[in-house]
Asks: 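For reference, the structure I am asking about is given below.
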Amino acid sequence: FQVGGNAVFNLGDGSNNLVETAANIIVQGALNYTGGNAADILALGASAFLNLGSLSVLAGAGTGTVSLSASSDILIAGAASVTTLDHPGVATTIVFSSSNHLIIGGALTIKNGVGDNTVVFSASDGILIGGAVSITNGNASTASSTIFSTATLSVEGGLAIKNGNGVFS
């Protein structure tokens with residue numbers, strides 16, 4: 001799966017699923033995803049590597065999943081941002097998982113609305129984020145978590161994690 005410029009997905013209200021499992025996933029420009037008012041699933045699972053110019057996700061208000069995974073490396077050359085709307089009583093899961101390296105060249109911004117939120121960044125060999133990291137979770141319905149799982153974590157800018165009321169780990 002290869003796009004020479006931007007990949008823009010503006011999906012309507014209702015449940016939306018965008019799933020790609022090619023060996024290599026390459027978007028040389030920005031990957032922009034906008035969901036509707038219900039459950040959204042964005043799952044890019046490369047059996048080799050995943051390479052994006054930048055990432056911007058505005059997911060819907062229902063139960064949702066944003067998952068980027070690669071059996072080799074994930075490289076996002078610029079900034080990455082994921083925003084979810086308030087989703088009280090339901091869960092949103094955001095996972096960036098690489099078997100080797102996870103590299104984000106710019107800032108990383110995660111803004112989750114009210115509801116249960118799970119945010120996971122994992123890479124066995126290392127995670128490098130070239131800009132500031134800001135993760136904000138709204139009030140948890142039951143429990144929320146933010147996890148960095150890696151041998152080496154390097155953040156070139158500041159690191160801020162802000163949680164609302166509720167149980168967080």
Side-chain angles (χ1 to χ4, degrees), residues 1-11 16-35 40-60 64-85 92-113 117-138 144-163 168-169:
F1 179 84
Q2 183 168 350
V3 177
N6 296 331
V8 178
F9 302 95
N10 290 319
L11 306 175
N16 297 298
N17 295 326
L18 176 60
V19 178
E20 178 59 55
T21 59
N24 299 308
I25 298 173
I26 302 168
V27 177
Q28 292 179 351
L31 188 148
N32 297 318
Y33 174 98
T34 302
D40 284 316
I41 296 174
L42 171 62
L44 304 178
S47 59
F49 64 85
L50 191 150
N51 187 339
L52 307 175
S54 64
L55 175 70
S56 175
V57 176
L58 176 57
T65 301
V66 175
S67 175
L68 304 181
S69 63
S71 295
S72 181
D73 295 324
I74 294 176
L75 170 62
I76 301 172
S81 68
V82 178
T83 301
T84 66
L85 303 176
T92 293
T93 303
I94 300 169
V95 177
F96 290 26
S97 177
S98 169
S99 294
N100 294 332
H101 300 95
L102 169 58
I103 300 168
I104 299 172
L108 170 64
T109 305
I110 307 290
K111 294 180 183 176
N112 283 317
N117 301 295
T118 300
V119 181
V120 177
F121 299 96
S122 69
S124 60
D125 293 338
I127 297 173
L128 169 63
I129 301 170
V133 173
S134 174
I135 299 172
T136 304
N137 290 307
S144 291
S145 61
T146 300
I147 301 165
F148 288 92
S149 176
T150 187
T152 304
L153 173 62
S154 177
V155 177
E156 301 298 317
L159 173 65
I161 298 175
K162 300 172 189 172
N163 292 325
F168 292 89
S169 61

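Because the structure is predicted, anything quoted here is derived from the model rather than measured. FYI, side chains are in, hydrogens and waters are out, and symmetry mates aren't considered; it's all heavy atoms of this structure.
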Asks: What closest approach, in Å, do G158 and V155 show between heavy atoms, and which atom pair accounts for it?
Replies: O-CG1, 3.6 Å
Asks: Considering only distance and modelled atom types, tabulate donor-acceptor pairs under 3.5 Å from the side chains of residues 40-49, sequence neighbours left out.
Replies:
unit_1, atom_1, unit_2, atom_2, d
D40, OD1, N16, ND2, 2.9
D40, OD1, Y33, OH, 3.3
D40, OD2, G36, N, 3.4
D40, OD2, G60, N, 2.5

Asks: Mind checking what makes side-chain contact (heavy atoms from CB on, under 4.5 Å) contact with E156, not counting sequence neighbours?
Replies: L128, S154
Asks: Which residue in the set S99, S97, S69 passes side-chain contact (heavy atoms from CB on, under 4.5 Å) when paired with S122?
Replies: S97
Asks: Could you state the interatomic distance from CG (L55) to CZ (F96), rounded to the nearest 0.5 Å?
Replies: 5.0 Å
Asks: Please step through side chain to side chain contact (heavy atoms under 4.5 Å, CB included) for the pair N112 and T92, ending with a clear verdict.
Replies: CA-CA 8 Å; N112 283 317; T92 293; 4.3 Å; yes
Asks: In Å and rounded to the nearest 0.5 Å, what is the CG to CG distance from N6 to L52?
Replies: 11.0 Å
Asks: With rounding to the nearest 0.5 Å, note down the distance linking CG in L159 to CD1 in I135.
Replies: 7.0 Å
Asks: For T118 and T93, test the side chains for any donor-to-acceptor distance below 3.5 angstrom and give the result as yes or no.
Replies: no
Asks: Given side chains that start at C-beta, do those of F121 and I110 come closer than 4.5 Å, heavy atoms only?
Replies: yes
Asks: For a 4.5 angstrom cut-off between non-hydrogen side-chain atoms, does T34 reach N32?
Replies: no
Asks: What distance separates D125 CG from D73 CG, expressed to the nearest 0.5 Å?
Replies: 8.0 Å
Asks: In the structure I gave you, are the side-chain heavy atoms of T146 and N137 within less than 4.5 Å of one another anywhere?
Replies: yes
Asks: Which residues pass the side-chain contact (heavy atoms from CB on, under 4.5 Å) test with S54, not counting sequence neighbours?
Replies: A30
Asks: Find the distance between CD1 (I74) and CD1 (I76) and round it off to the nearest 0.5 Å.
Replies: 7.0 Å
